[in-house]
Every structure is written in C-alpha cells, then in structure tokens.
Amino acid sequence: MPEHQTSTAARARHDWTDAEIQALFELPFNDLLFRAQQCHRAHHDPNEIQISTLLSIKTGRCPEDCKYCPQSVRWNTGLEEEALLPLDVVRDAARKARESGAQRFCMGAAWRRPRDKQIDQVIEMIQAVRDEGLETCITLGMLTADQAQRLADAGLDYYNHNLDTSPEYYEEIITTRRFDDRLNTLEQVRQAGMKVCCGGIVGMGESRADRVGLLKALANLPSHPQSVPINQLVKVPGTPLDGVDEIDPLEFVRTIAVARLLMPAARVRLSAGRESMSDELQALCFLAGANSLFYGDKLLTTGNPDADADRQLMARLGLRPARQEAGTPSGDVQESAA
Ligand code: SAM
Ligand code: DTB
Ligand code: SF4
C-alpha cells in the first residue's frame, strides 16, 4: 500500500441524511479537517493535483436567468459576446493548455440546451482536443439522450452539469429551469457512459442547510460524480448576486471537507473563486481534500490566478500535477481497501 494510504477506504454511500451531513459540518474544525484528510489519504495521493484548463467556446446571451451568471442575457454585465469559436482557435488553445501542463481541457458554452447542428460542431472540437492528447470535458446545458450518446461516441470523457445549490434554494437562484431538469440531464450523461462532473456554488447567500442539501443531492446521486467542482461565487457587477454577503472562508473550507467525506473517491475541484482567496486559504482547501483546480489566467469570462502564481503555490506546497486518469466507471469505491 502506498505510504500516503491508510486502510480506511470507505464504501460509497448514497443514503446520506441531512442530520448526518449537518453533524459533519458542526464538528470542531480540527476534527473535521482531520477526518477529511484521513479519508483523502485512504483514496488519493495527497500531494497530487489534477489540472484542468477552461475555455469559453460560446460566450454570453444565454436565455437562462441564473442570478450568479455574467452570461445571462437578462443582466447587463457589459460582457463581450462571442459566437461559437472557430475550430482552429479551440485547437490552438488546447495545444497551449497542454504545453503549460494541463491534463484536461474543459469547454463551456452559454446555452440553455444545444441544437443538434451545434452538437456536430462541438464534436469536431472534442476530436481536435483529443488529438492534442488531452482529456475532454464540456458543458453545454441540458442534453437529450440522443445528444448525450453522440457526445459519448465522439469520445468525450466528462460532461459538466452542476446542481449549483440545494433543491430548496434552487428557485431563488434560477427560475427558467428546475432542479429535476438538471437531474434528468445527469441521468442521460450516465446512461451514455460518460463520466460526470457535477458540483455547485457556495457564497450565494444560501444557508448552511442549503450547503447540506447541495452536498446531499450530489452524494445521493445513483453514482458519485467522478469530478465535483466546488465554486465560490465570483461576484460580477450587473448580476443580481453582486452585492451578496461574503461567505466565511472557514465555512467554505468546511464545505470542501464535507464533500470529501461524502464522496471519498471523487476529485473535488477547488473551482471558481480562487482569485479572491489567499494562498493560505487555498492550502487549507487542499488539506480538506480538494485535489483538482482550474489552471490558466481565465475561467470562462472571469479571472483566475496567474499561471505563474499557481506554479509557485504548488511548489511551496509540494503539490505535483496528476497523471492522466485511466477510465474509472464512477467516483464510487465499490470495494473496501481495508
Ligand atoms: N450553460 C451551461 C450550464 O449552465 O450548465 C454551461 C455553462 S455555465 C457558465 C457552467 C457553470 O459555471 C454553472 O453551472 C455555474 O456553476 C458556474 N458559474 C457560472 N457563473 C459563476 C459565477 N459567477 N461564480 C461561480 N460559478 C459560476
Ligand atoms: C464549474 O463548475 N466551474 C466552471 C466550469 N464548471 C464550467 C465555470 C466557472 C465560471 C465562473 C464564472 C465565469 O468565468 O464566467
Ligand atoms: Fe446560461 Fe449556464 Fe450562465 Fe445559467 S450558468 S446563465 S445556463 S451560461
């Protein structure tokens, strides 16, 4: 057994209750972090981090009304809109991402749902990114079963589709679709055999009960997502959530730790929001079990720490990039490693 591993690998559970998750959140901070780190070490190399780079392949004018999002057509955020990027631009961006050390290339489109013709164009992009030797992830909004199958057949590794917040708080944040619509697309993605990247956003004025509800919904999916992005809201002027109260940074760390404990084998990504975090806060997030991040100066439309700053942070923490992953069926651990 590798040095970092303990014999406490947990079976994947899908029957978490609110009370159990609430109790984890309420642990003394040191106890919670210790448990999260034990769990992390039982399932992962604690000094290794998965690196993804993001590209917005179609920016702005999205018809949905997500209150956090600068790309919704409803909010005046001064965003420069862009039609679907030409294939060459995507290929060049993927090559640059690989050269600077990314393992996975994630593409995002500001659509409610793609049209079949758009799926044809996106499939060409997936093929170009694969040809560059990168893993592929894409987020396009809601999918039909047929579209999900076409993406899977094109070799797409991950589909990103976030639950974003608890079922109870969902209507406060988005009114143009329902939580169940998200669950339905996730089901199409699983059925098509792709890996699932699914997480949420904290710091949107939600209560701790909502953070419990989000993590419960994620952990109680039929299989744990292989990748769980935990985003801290990036406040963008013009969006309705711009003025919302800051979340306590230690509550953010707790959210990462509880995500780690509920979904032991998943990659938990310290996702949007790092630009406003200190190195020390990010280090605590890695200690709590985050083992993936977005690398590169831009997320989709907002900023991310400079690649140089991230290289320095990783060096200071002794973190090294993960190698590409062999295809695992899900983020679940089926057998106890004990
Ligand atoms: N339109 C597709 C969808 O919503 O599924 C894909 C693109 S959308 C921009 C992808 C994800 O970005 C959202 O689910 C949300 O979690 C995240 N996101 C958007 N704006 C954000 C913000 N201001 N802060 C943090 N995360 C954000
Ligand atoms: C995810 O959970 N976070 C990424 C990715 N999936 C697509 C997007 C973050 C977007 C932050 C706001 C922006 O840059 O527009
Ligand atoms: Fe559109 Fe996605 Fe932004 Fe919502 S989060 S407005 S669906 S781009």
Side-chain angles (χ1 to χ4, degrees), residues 52-75 77-82 84 104-114 118 122 136-143 158-165 169-170 173-179 181-186 188-189 196-206 214 218 225 227-244 246-247 252 259 266-277 290 292-305:
S52 299
T53 289
L54 256 180
L55 177 70
S56 180
I57 56 169
K58 185 269 171 185
T59 305
R61 289 203 66 76
C62 180
E64 303 271 39
D65 69 352
C66 312
K67 288 202 173 104
Y68 49 79
C69 186
Q71 304 201 64
S72 167
V73 73
R74 321 259 171 140
W75 330 131
T77 58
L79 188 71
E80 288 245 345
E81 295 143 19
E82 268 185 63
L84 193 62
R104 190 176 307 158
F105 194 69
C106 308
M107 295 170 272
W111 286 323
R112 170 176 162 80
R113 55 168 77 252
Q118 292 164 331
V122 156
T136 50
C137 177
I138 209 158
T139 177
L140 310 170
M142 293 182 265
L143 296 180
Y158 290 81
Y159 194 77
N160 168 247
H161 200 64
N162 291 337
L163 291 181
D164 283 325
T165 190
Y169 199 56
Y170 205 77
I173 299 296
I174 302 147
T175 68
T176 50
R177 57 171 190 259
R178 304 205 173 279
F179 197 79
D181 294 324
R182 296 308 261 190
L183 295 177
N184 182 47
T185 292
L186 291 169
Q188 310 305 344
V189 172
V196 171
C197 174
C198 181
I201 311 178
V202 295
M204 299 195 293
E206 77 284 346
L214 166 66
L218 292 169
S227 166
V228 178
I230 304 291
N231 296 277
Q232 179 174 280
L233 175 70
V234 180
K235 292 184 199 173
V236 180
T239 59
L241 291 184
D242 182 27
V244 83
E246 291 292 328
I247 183 176
F252 184 79
R267 285 259 171 212
V268 175
R269 180 173 305 137
L270 176 54
S271 199
R274 288 197 303 118
E275 211 183 19
S276 65
M277 293 179 196
S292 170
L293 51 72
F294 285 124
Y295 179 74
D297 305 349
K298 207 168 168 201
L299 292 165
L300 290 174
T301 65
T302 66
N304 198 41

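Read the numbers this way: they start at 1 and go in the same order the structure lists the ligands and their atoms.
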- Item | ligand 1-proximal atoms of Cys66, by part, heavy-atom distance under 4.0 Å | neither
- Item | Member of Leu143, Asp181, Asn162, Val196 meeting the side chain to side chain contact (heavy atoms under 4.5 Å, CB included) criterion with Leu186 | Val196
- Item | Contact summary for Met142 and Glu64, nearest pair of heavy atoms | CE-OE2, 3.9 Å
- Query: If every non-hydrogen atom of Leu79 is compared with every non-hydrogen atom of Thr301, which pair is closest and at what distance?
  - Reply: CD1-CB, 3.7 Å
- Applying side-chain contact (heavy atoms from CB on, under 4.5 Å), run through Val244 and Lys67 and close with a yes or a no. CA-CA 11 Å; Val244 83; Lys67 288 202 173 104; over 6 Å; no
- Message: Within 2.8 Å of atom 1 (Fe) of ligand 3, is there any N, O or S atom belonging to Cys69?
- Response: no
- Message: To check you understand the geometry: which heavy-atom pair defines the closest contact between Met204 and Thr165, and what is its length?
- Response: CE-CB, 3.8 Å
- Which atoms of ligand 1 have any heavy atom of Trp111 under 4.0 Å away? 1 (N), 2 (C)
- Which residue and non-hydrogen atom of the protein lie closest to atom 3 (N) of ligand 2, and at what distance in Å? Asn231 OD1, 3.0 Å
- Message: Among all protein heavy atoms in this structure, tell me which lies nearest to atom 11 (C) of ligand 1, with the distance rounded to 0.1 Å.
- Response: Asn162 ND2, 3.9 Å
- Of all the atoms in ligand 2, which lie at a distance below 4.0 Å from a heavy atom belonging to Asn160? 6 (N), 7 (C)
- With heavy atoms of Asn162 as the reference, note each atom of ligand 2 found under 4.0 Å away. 1 (C), 2 (O)
- Note on the structure: ligand 3 to Cys66, heavy atom cutoff 4.0 Å, flagged ligand atoms 4 (Fe), 5 (S), 6 (S), 7 (S)
- Message: For atom 24 (N) of ligand 1, what is the closest protein heavy atom, and at what distance to 0.1 Å?
- Response: Val234 N, 3.0 Å
- Query: When you measure from atom 16 (O) of ligand 1 to every protein heavy atom, which one gives the shortest distance, and what is it?
  - Reply: Asp164 OD1, 2.6 Å
- Within a radius of less than 6.0 Å around CZ of Arg112, do more than 12 heavy atoms belonging to other residues, nucleotides or ligands occur? yes
- Query: Under 4.0 Å from any heavy atom of Ala109, which atoms of ligand 1 are there?
  - Reply: 1 (N), 2 (C), 6 (C), 7 (C)
- The closest protein heavy-atom partner of atom 12 (C) of ligand 2 is Thr302 OG1, 3.6 Å
- Item | Numbered atoms and elements of ligand 3 in range of Ala110, under 4.0 angstrom, heavy atoms | 8 (S)
- Message: Before you tell me yes or no, could you show the steps for Tyr68 and Asn231 under side-chain hydrogen bond (donor to acceptor under 3.5 Å, both in side chains), namely the whole-Å CA-CA distance, both residues' side-chain angles and the distance that decides it to 0.1 Å?
- Response: CA-CA 11 Å; Tyr68 49 79; Asn231 296 277; over 6 Å; no
- Item | Over 12 non-hydrogen atoms of neighbours within 6.0 angstrom of CD in Glu81 | yes
- Query: Is the closest heavy-atom distance from Gly141 to ligand 1 below 4.0 Å?
  - Reply: yes
- Query: Can a protein heavy atom be found under 4.0 Å away from atom 7 (S) of ligand 3?
  - Reply: yes
- Query: Which heavy-atom pair separates Val122 from Ile138 by the least distance, and what is that distance?
  - Reply: CG1-CD1, 3.2 Å
- Task: Give the residue and atom name of whichever protein heavy atom lies nearest to atom 20 (N) of ligand 1, and the separation in Å to one decimal.
- Result: Tyr68 CD1, 3.4 Å
- Item | Per-residue contact class, Leu300 against ligand 1 - non-hydrogen pairs under 4.0 Å | side chain
- Of the protein's non-hydrogen atoms, which lies at the shortest distance from atom 2 (Fe) of ligand 3, and what is that distance? Cys62 SG, 4.7 Å
- Message: Restricting to non-hydrogen atoms, name the atom on Ala109 and the atom on Ile57 that form the minimum distance, rounded to 0.1 Å.
- Response: CB-CG1, 4.1 Å
- Close-contact set for ligand 2 against Thr301 heavy atoms, below 4.0 Å: 13 (C), 14 (O), 15 (O)
- Query: Closest heavy-atom contact between Asp242 and Lys235?
  - Reply: O-CD, 3.0 Å
- Which ligand 1 atoms are under 4.0 Å away from a heavy-atom of Ala272? 25 (C)
- Assess whether side-chain contact (heavy atoms from CB on, under 4.5 Å) is satisfied between Met277 and Leu270, documenting all intermediate values. CA-CA 11 Å; Met277 293 179 196; Leu270 176 54; 4.0 Å; yes
- Is there a side-chain contact (heavy atoms from CB on, under 4.5 Å) between Thr59 and Glu80 once you walk through the steps? CA-CA 8 Å; Thr59 305; Glu80 288 245 345; over 6 Å; no
- Query: Does Arg269 count as lying over the ring of Phe294, i.e. NZ or CZ under 6.0 Å from the six-ring centre, within 45 degrees of the axis?
  - Reply: yes
- Query: Has Lys67 got any heavy atom lying under 4.0 angstrom from an atom of ligand 1?
  - Reply: no
- Side chain or backbone of Lys58 under 4.0 Å from ligand 3, or both, or neither, by non-hydrogen atoms? neither
- Intermediate values then yes/no, side-chain contact (heavy atoms from CB on, under 4.5 Å), Thr139 and Cys106: CA-CA 8 Å; Thr139 177; Cys106 308; over 6 Å; no
- Short version for Arg182: what comes under 4.0 Å of ligand 1, heavy atoms counted, is side chain
- Task: Note the single closest protein heavy atom to atom 10 (C) of ligand 2, along with its residue, its atom name and the distance in Å.
- Result: Leu300 CD1, 4.1 Å
- Item | Closest protein heavy atom to atom 6 (C) of ligand 1, given as residue, atom name and distance to 0.1 Å | Thr139 OG1, 3.1 Å
- ligand 2 to Pro229, heavy atom cutoff 4.0 Å, flagged ligand atoms 2 (O)
- Query: Which protein heavy atom lies closest to atom 5 (C) of ligand 2, and at what distance to 0.1 Å?
  - Reply: Phe294 CZ, 3.8 Å
- Message: If we check side chain to side chain contact (heavy atoms under 4.5 Å, CB included) with Cys66, which of these qualifies: Pro70, Cys69, Cys62?
- Response: Cys69
- Task: Take every heavy atom of Ser271, measure it against each atom of ligand 2, and state whether any distance is under 4.0 Å.
- Result: yes
- Does the side chain of Leu241 come within less than 4.5 Å of Trp75's, by heavy atoms? no
- atom 17 (C) of ligand 1 sits nearest the protein heavy atom Ile201 CD1, 4.2 Å
